[in-house]
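Remarks on the structure that follows.
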Amino acid sequence: DTAVSQTPKYLVTQMGNDKSIKCEQNLGHDTMYWYKQDSKKFLKIMFSYNNKELIINETVPNRFSPKSPDKAHLNLHINSLELGDSAVYFCASSQGLAGFWTQYFGPGTRLLVL
Amino acid sequence: GIQVEQSPPDLILQEGANSTLRCNFSDSVNNLQWFHQNPWGQLINLFYIPSGTKQNGRLSATTVATERYSLLYISSSQTTDSGVYFCAVRQETSGSRLTFGEGTQLTVNP
């Protein structure tokens with residue numbers, strides 16, 4: 001069974017469109033994250049939710065809006081997509097908030113904005 | 001924020017060789033993880049190792065937290081070990097965010 005799953009795996013879209021990426025974890029974890037991996041493979045955190053509450057919000061354009069309907073889901077909505085948004089987006093989860101826990105990553109969503 | 005430096009940035013090995021990857025970090029941490037990103041892009045947890053030594057098959061890792069570094073050892077490397085190896089740390093004052101190094105790109109040739 002997949003522990004952290006993301007849909008879609010690939011997303012190709014035009015500039016200016018709005019798109020969503022969904023993430024689900026079946027590990028019973030309390031904390032979920034979104035990371036962005038750029039073309040140079042650098043991974044950087046974007047957001048983190050703990051029990052549906054936003055706890056980390058890095059310097060990310062407000063076109064990006066995370067939503068956590070419940071502890072097992074964390075979705076990422078992106079408005080007015082730009083070329084620079086092309087990247088791989090990873091969802092992750094961990095058991096607790098304090099950072100003493102292993103983070104488990106989803107397979108990634110490869111976003112290409114044309 | 002905390003700085004995480006990995007070395008070497010690139011490494012090419014012949015199958016069967018051993019290697020050591022290094023991760024230096026600039027501040028105290030209470031979480032350190034090693035990941036392998038395979039050629040298909042998937043991030044695979046290797047070790048959760050904020051201190052001490054762990055072994056898993058041909059891989060082992062050691063973190064010396066007081067000296068702010070961690071080492072990942074790969075013995076008898078195989079072509080399937082190819083990919084990018086990331087070290088990620090959590091600074092004690094940074095909530096639950098992990099800060100990643102830039103990775104070591106490993107290529108194992110047959």
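Convention: sequence-line order gives letters A, B, ...; per-chain numbering from 1.
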Any chain of hydrophobic side-chain contacts (each under 4.5 Å) joining A/M32 to A/L54? yes
So CZ of B/F100 and CG of A/L43: to nearest 0.5 Å the spacing works out to 5.0 Å
Same cluster or not: are B/L43 and A/L76 linked, directly or through other Ile, Leu, Val, Met, Phe, Trp or Tyr residues, by side-chain heavy atoms under 4.5 angstrom apart? no
Could you check which of A/K40, A/K44, A/K41 has the highest count of heavy-atom pairs closer than 4.5 Å to chain B? A/K41
For A/F90, which atoms come within 4.5 Å of any heavy atom of chain B: side chain, backbone, both, or neither? side chain
Quick one: ring pair (Phe, Tyr, Trp, His ring centres under 6.0 Å) pairs with a partner in residues 61-84 of chain B, sequence neighbours left out? none
same_hphob_cluster(A/F47, A/I55) at 4.5 Å side-chain heavy-atom cutoff: no
Is the number of heavy atoms from other residues, nucleotides or ligands within 6.0 Å of CD (B/Q14) greater than 12? yes
Contacts of A/R63 meeting salt bridge (Lys or Arg N to Asp or Glu O under 4.0 Å) (sequence neighbours excluded), chain-then-number -> A/E82, A/D85
Minimum-distance pair of heavy atoms, taken over all atoms of B/E102 and A/F42: CG-CD1, 4.0 Å
With a 4.5 Å heavy-atom cut-off, do B/L98 and A/Y35 have their side chains touching? yes
Once you round to the nearest 0.5 Å, how far does CG of B/N31 lie from OG1 of A/T102? 7.0 Å
Any chance you could measure B/Q33, atom CD, to A/F105, atom CZ, to the nearest 0.5 Å? 7.0 Å
Give a yes or no on this: more than 12 heavy atoms of other residues, nucleotides or ligands lie within 6.0 Å of atom CD of B/E5. no
Heavy-atom cut-off 4.5 Å, strictly under: side chain, backbone, both or neither for B/F86 against chain A? side chain
Bottom line for B/Q105: the part with an atom under 4.5 Å from chain A's heavy atoms is neither
